[in-house]
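To find a chain, count down the sequence lines: A is the first, B the second, and so on, and within it residues start at 1.
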Amino acid sequence: MFKATINAKDFKKIIDATSNLVDEICFEVDENGIKANAMDPSHVALVSVNIPKDTFEEYISDVHDIGVDLEALKKIMGRAKSNEKLTLELDEEKNKLNLILKNDAVRKFSVSLYDVSSTNLKVPDIEYPNEVMIKAGAFVEALKDAELVNDHVSLKISEDGKFIIFSKGDINQSETIYDNNSESILDLKITESSKSTFNLAYLKDITKATSSDDILHIYLGSDMPVKIEYNIGNAKILFLLAPRIE
Amino acid sequence: KNKQVKIEDFFKVN
C-alpha cells in the first residue's frame, strides 16, 4: 500500500530538480516518507531527495521500491497546475504508479514502473571546512558570468573569508566576490581557505529548478565534491558534484 | 589541465 497527497507545485519542483541530472529513479517509500538517491549516468553527480511524511496532506505507506522514468513524470508534472492537489498511488497488481491531479476536474495518469531496484546508494558523509548560505538567484547569476569565459568554474574561499566564484579562459577571466556584507549571503561559516573546480553545465543543472529566493547551503573544501542543499517546502534536496582535479 | 573525477571516488574515503 502506498498513497500520498501533496500540493502539485512542490512535487513538480522536486521532479524538475531531480530530472535535470537523472533519467530514472527509485523512490524508496515507507511509513516515514519518500527517499531517493541516484547518480547521473556519468557518475559525476549524485542527487538525494528526502520528502518526510509530514510534507504530505495524506500519507499511508508500507515499504516499497517504486522505480520510475523521470522524463515521463516530468512531462506529467509539467501539465499540473499550481492550485492542484496530487495524489500518488501505487497499483501493485498492474505494476503502475497512478498520479491523480485534482482541482476543478480530476485528471488521472498512470506510469509503468521500472525495475530500478533500490541501489542502496548512500550519500557519503563528508566533513566540510566551509559552508556558504546564499540566495540561489545570486549564485546562478555568478555562474552565468563564469560561463562567459570557460566551461568550468572554481568555487573558492579566500583567506580573508570571501566566497569567490572564479573562472579563467585562455584570455579572459571572470570573478564574483561575496563577503559577509553582501545581501545575498545569509551566512558564511569558514574555517580555512579552499578551492575546488567544477563543470559549469552540472552546476547549472543542479540549480536550474531553484527560485531566486531559495536559500542554498553550499559546502566547500579543497579538491572535494561540492555539496549543495536546499528545501522545497518540507522536502530536502541534496546534490553532490565531483570536482575537476589537476 | 584539470580532469573530471567521479563521485564514487569519494565514497571509498568514507
Item to check | Within 6.0 angstrom of A:Lys35 NZ, more than 12 heavy atoms from elsewhere | outcome: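 Atom NZ in A:Lys35 is not crowded, with 12 or fewer foreign heavy atoms closer than 6.0 Å.
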Checklist entry - Is it the case that more than 12 heavy atoms not belonging to A:Glu159 sit under 6.0 Å from its CD atom? => result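 Open.
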State, yes or no, whether a side-chain contact exists between [X] and [Y] at a heavy-atom distance under 4.5 Å.
X	Y	answer
A:Val123	B:Phe11	no
B:Asn2	A:His152	yes
B:Lys3	A:Ile245	no
A:Met39	B:Lys6	no

Checklist entry - Do B:Gln4 and A:Val44 pass the side-chain contact (heavy atoms from CB on, under 4.5 Å) test, and can you show the C-alpha distance, the side-chain angles, and the key distance before you say yes or no? => result CA-CA 8 Å; B:Gln4 179 66 58; A:Val44 168; 3.2 Å; yes
Checklist entry - Between B:Phe10 and A:Pro124, what is the shortest heavy-atom contact and its length? => result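 That closest heavy-atom pairing would be O-CB, 4.2 Å.
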Item to check | Euclidean distance, B:Ile7 CD1 relative to A:Tyr202 OH, rounded to 0.5 Å | outcome: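 With rounding to 0.5 Å, OH (A:Tyr202) is 10.5 Å from CD1 (B:Ile7).
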Item to check | Under 4.5 Å from any heavy atom of chain B - which part of A:Met224 | outcome: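 Contact with chain B: backbone only.
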